[in-house]
Structures are given as structure tokens and as C-alpha cells.
Amino acid sequence: MTTIWQQYNSDSREQYVAAIKALGALSPLFRQKADGTTDQTAYISSKYQETVFARFFNGSVVDKGNDPYDVMVPSPISGKRDLVGIKTFLNSSSSMQKIMQFKSVATTEGWTAWIKDGEYQKLVARIAELRNQKLRSTQNLLAGAGVAPGEAFANIFYHYLSPLKDGRVYVGESDYSFMDEANLSFKAPDESKRISSLQFSDGKNDYKYTPADSTLYMRFVHTKKSIVGGDIVDEFKVRQLEDPHASLMRLIEEDLAELLPSETLEEQNEKHSKDGLLDNKALRGLVDPSAVQEPNKDNENIPVVPVVVARKARLKKKSASSEFTTSVNGLGAAKSEQSFIFPIFRLTDYGDTPAGEVDSKSGLNVRLGAPKNRGSDTRRPVNEVEIKIPDPRKFHQEFPGFFGINNHGVPISRLRKAGSKWKTVFENHDDRTFELVLTQSGQEMEAILTGDGNKQLMSKHRQVILGGWILSQVFQLGQYERLDRNKLDQLDLDSIRLTRLGNKRVGLEFIKATEEDLEFLWPPMQDRFRELWTPPTEIEK
């Protein structure tokens, strides 16, 4: 049987393994117990693993902190892509690994009471439903509007590394399919004791739910090779450095020196003559003083290690217009100029919609609003959506070039006062057209600014496709079903991120906002957002 691993380019596999070996060689740095050389278990960082997998297989990291997949790469099957969950765990006969957490939903729906009442089948059914709903929503986000995941993705699987104590590392592939909701069975817990976990299966995989932290685990069995029906598809040996500290020092002296700014004459005069390293005075402005280790009193020969830090002016994002990197075309990266986070739920009360809830008859629920023609009983189109810009007039005033500048140097979002309302300067749709990029999939389509004050954006030609994708695929809604806060919490989606990718070119993503994202919140009501915010679910791949 040919594995997915074997289908990938051999050079890419070799480079990936070499990168893992490079970090693994430094394993003694991370070993807390001094147990001699008997334990040669390689240290592997899962985040590092994600990065190098994406790099050497020409893909991109798609994990936004709460998404079930880590990496998307070109598939060996031409024209398609692979979705990969990256994991690393120590080798044993089997291992229960965390795959999802349900804190918000478990509290809202009262799962503790279900367990107390012995409603175990109801609980495992709900867990499977929510797990599948999140997988389906994320696949649709990454596939794009109007594209079925089956057409976009050839393989969806777990890729894992499992280090052994003798220095070997197993490479494994495991099932990453939907849970079989029709084939769920559970092992009745001992109700005479405090129930610490509920074990269940879907016929393909074994799972465990722990109510104390609302966490779902899946069992990985990694003792057999693929040729005999197991998960192990390859293995390699990691050689560890005897003195990784000294190796890092040589790296700093020989390689990092080329990356440091040129020394001034004063700095050269102050250069330490004994060990060739810059002393603290010469490192002023380049070194974080709190990160500099004083020489070890037990070993005076250990040199001071300067930790170079970026200039604060480069790290600090002074406003929502700061630059950062965003995924484009689903596989690459492009430099953006401005980025903003728009909450899907309201930050203030409005009409019959309380703060913290989704607008009931506008925005993504506009299809539930009044008919377009006064006096008509005809409902709005089932796939109609509007992507609202909060406080639009102020937004367009403060960031006039966000959606683009026309050939005459005029922002396409420019407004004019018409009586008591603000109207667009450009009545022709073509003059308000820009390219909308669904950055999670790389799909592109024309969009326009519309409504009084250019208060929203809509697709120009593909409303049925874009609206249908958002409502039925991303948010998993039925016909004319209302999008509410409960659904946002279930799917761990609460915001829209718009990113300026170039003139008249804007990227769009549906995300779960993190604390770091709030710097880009519009309007800048961070304290209010935090009051209404549900923290992101923790999803481990």
C-alpha cells in the first residue's frame, strides 16, 4: 500500500526530516533531568514541526489558533490540496491526544447535568455533532465559495512524529475523518465514583471526554508499520549534540554576527578583548537586558549570551494600519498594508438586538429582513448577505484608501452629503468595484461597496455563491435559519478580518478573535468587546 507520505516528493521529505533532526540535535537543552545518555528521546516542537512541514512541502500554516487543521499543502494528486493535522507525542503502545475543547458550549448547554442524569448517549451524540460541524465549516472555509471540499482536497489526515527513547522517531499517518454519528457507543462509567471521563467509540476511533475541562481526546495507536496495517510510515534516527550550548554559541559568533547592524567606532573600541563578544555597553539598544545571563559562578568560562531583540518601533503595532503577514492563495504569503477586525456580534444594543448578539435582520441575517419592495410578501433571496462595516462614515474618513484609489487618485469609498444621509460619490458600480480575496482559500471575486455611507460590501456578480457559502457552508445554517450567538460559539467564529492586499484588492477571513487580534478591532472598543467575548476554544490537532 502506498502511503500519502510516500507520494510526496522525496527531496521534500528529506529536507523536512533534516530540519527535524537539526532541532532534535539540540534535545539535551530541553531535558530537565540529568539521567546520563540512556534517554535519547528527541525534542520536537509541534509549532516548529508545522512551520517546516509547510515550508518543505510548499504549503502554508492555516491554523489560526482554534482551527482543526494545521497545514495546507499541494497534493500529489494534481490540482488538489491536502489538509494536515500536525501532532507530536512520545511513543507508547497507544496515546490519548487532545483534539478539541468545548468549554463555552458545555457550560451553555449544561453538559454537567447530562452526566449527572446519566444521559451519556445524548452527550456523545452532541460531541460528535459539534466536532463534525467544526470540521465541515473549516473545510468549506479553506475550499472556497462554490467549491465542495471533495473537489478541493485529495487527502485530509493526521501527520505525526513519535520519538522513542533510543533516538529513533516514527513518522505516522492517522485517520482524520468525520466522526460516525450513526455508530456511536459508550462505555458506561462507574457511577458509584466521581465520573472523571466518558469513553466512547464511533467504530473507527476511540475517544474520551473529560468533563472537568470539557476536553475531547482521541486514541492514536502507533506500534505497527503501515505494511501490516499500522500507522507508522517511516522512521529516522536523531543524533544529539554532546554540548548543544557550545554549538549555539558558535552559531551566534559565526552566523548571527552577519545579521547584526554594523558597529560604530565607539562600539568597536568597547568590544570585549578577551572572548570577542560585545559587552553590555556595546549591546545597548540591541540587547534586551533582562535576557542577558550573567556568567555561571560554578563555571566562569561560560560566556554571556546576547539575546538580540528587534527594535520596539518595528514590533509595536501603533494602529490597525500596521503591517503583518496574511495567507494568500491558500498556500503563500503576502505583505498587507492594513488589517481590521469587525465583530459579527453587536457591541451595543440596537433595536431588538441586544449587545453580544448578531443583528437579527441585517448583515449576515439580512435575508430575514423586510421584503425589498414595500407591500410585497416576497421574501429576500435565501442566500443574500451583507458584510457590514461598523461606523462606516468614520472608517472611510480615517482610512480613505483602504478599498482602493481610482485612476484619478480618488478613494473609491468617497462619500458626499445628500440631505441627512451620506451617499457614495460614485453611482456607477464599476467605480466602486474592488477585488475580494477569500484569503483562507485564495479564491477571488469582484465586490462592491454599497448602501448609505458605503456601509457594507457585497459580491458584484456571485451573490448566490458567496452568500450560500457563508450561510450554509461556513455557518451550517438551514434555509432562512437565523445566525445567532450560539452558532458563533459552537463554530468558534465571531469576527471578520479584512486586510488590504494592494490597491483595490482586499482579503476577507472569518476568524475567532484572540487577544492579539483586538489591537486591530474596529471600532476600537476593546474593553466592550472583552465584556461580550467568548474566549477561543482550544483545539489540538
Sub-3.5 Å donor-acceptor pair from the side chain of [X] to the main-chain atoms of [Y], do we have one?
X	Y	value
Gln476	Gln473	yes
Asp202	Asn183	no
Gln440	Gly144	no
Glu173	Trp5	yes

How long is the straight-line distance from [atom2] of [Y] back to [atom1] of [X], given to the nearest 0.5 Å?
X	Y	atom1	atom2	result
Gln199	Thr210	CD	OG1	10.5 Å
Phe186	Leu123	CZ	CG	10.0 Å
Ile511	Leu493	CD1	CG	9.0 Å
Thr138	Leu83	OG1	CG	9.0 Å
Thr439	Leu501	OG1	CG	7.5 Å
Lys460	Leu466	NZ	CG	15.0 Å

Report task. With side chain to side chain contact (heavy atoms under 4.5 Å, CB included) as the test, would you mind laying out the steps for Trp469 and Asn383 before giving the verdict? Result -> CA-CA 8 Å; Trp469 173 70; Asn383 291 321; over 6 Å; no

Around atom [atom1] of [X], are there more than 12 heavy atoms from other residues, nucleotides or ligands closer than 6.0 Å?
X	atom1	result
Lys225	NZ	no
Arg55	CZ	no
Arg482	CZ	yes

Report summary line: The residue among Lys103, Lys122, Arg126 that forms salt bridge (Lys or Arg N to Asp or Glu O under 4.0 Å) with Glu109 is Arg126

Query raised in the report: Arg239 and Lys21: side chain to side chain contact (heavy atoms under 4.5 Å, CB included), yes or no, with the steps?
Result: CA-CA 7 Å; Arg239 296 177 58 192; Lys21 287 181 177 180; over 6 Å; no

Query raised in the report: Between Phe57 and His159, is the ring centre distance below 6.0 Å?
Result: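 For Phe57 and His159, the ring centres are not under 6.0 Å apart.
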
**Report entry** Aromatic centroids of Tyr170 and Phe89 separated by under 6.0 Å
**Finding:**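 Ring centroids of Phe89 and Tyr170 are no less than 6.0 Å from each other.
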
Requested in this report: I would like to know whether Leu135 and Tyr69 meet side chain to side chain contact (heavy atoms under 4.5 Å, CB included); could you show each step before the answer?
Outcome: CA-CA 9 Å; Leu135 294 183; Tyr69 307 107; 3.5 Å; yes

Regarding [X] and [Y], is there a side-chain donor-to-acceptor distance under 3.5 Å anywhere?
X	Y	value
Tyr160	Gln49	no
Thr514	Asp517	yes
Gln101	Ser214	no
Lys237	Gln40	no

Does the pair [X]/[Y] count as a salt bridge with the N-to-O cut at 4.0 Å?
X	Y	answer
Asp166	Arg168	yes
Lys165	Asp39	no
Asp206	Lys187	no

Query - Cation-pi check, Arg497 onto Phe520 ring (under 6.0 Å, within 45° of axis) - result: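 Output no; distance or angle outside limits.
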
In the structure I gave you, are the side-chain heavy atoms of [X] and [Y] within less than 4.5 Å of one another anywhere?
X	Y	answer
Glu435	Glu446	yes
Ile341	Leu518	no
Leu471	Leu483	no
Val84	Asp70	no

What is the ring orientation for [X] with [Y], classed by angle as parallel under 30°, tilted 30 to 60°, or perpendicular over 60°?
X	Y	answer
Tyr176	Tyr158	parallel
Tyr8	Phe157	tilted
Trp111	Tyr209	perpendicular

Query raised in the report: Name the one of Phe53, Phe236, Phe56 that satisfies ring-ring contact (aromatic ring centres under 6.0 Å, His included) with Tyr16?
Result: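 The option that passes is Phe53.
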
**Report entry** Atom of Arg367, atom of Val382 and distance for their closest heavy-atom approach
**Finding:** NH1-O, 2.7 Å

Query raised in the report: Which heavy atom in Gly150 sits nearest to a heavy atom in Lys80, and how many Å separate them?
Result: O-NZ, 3.1 Å

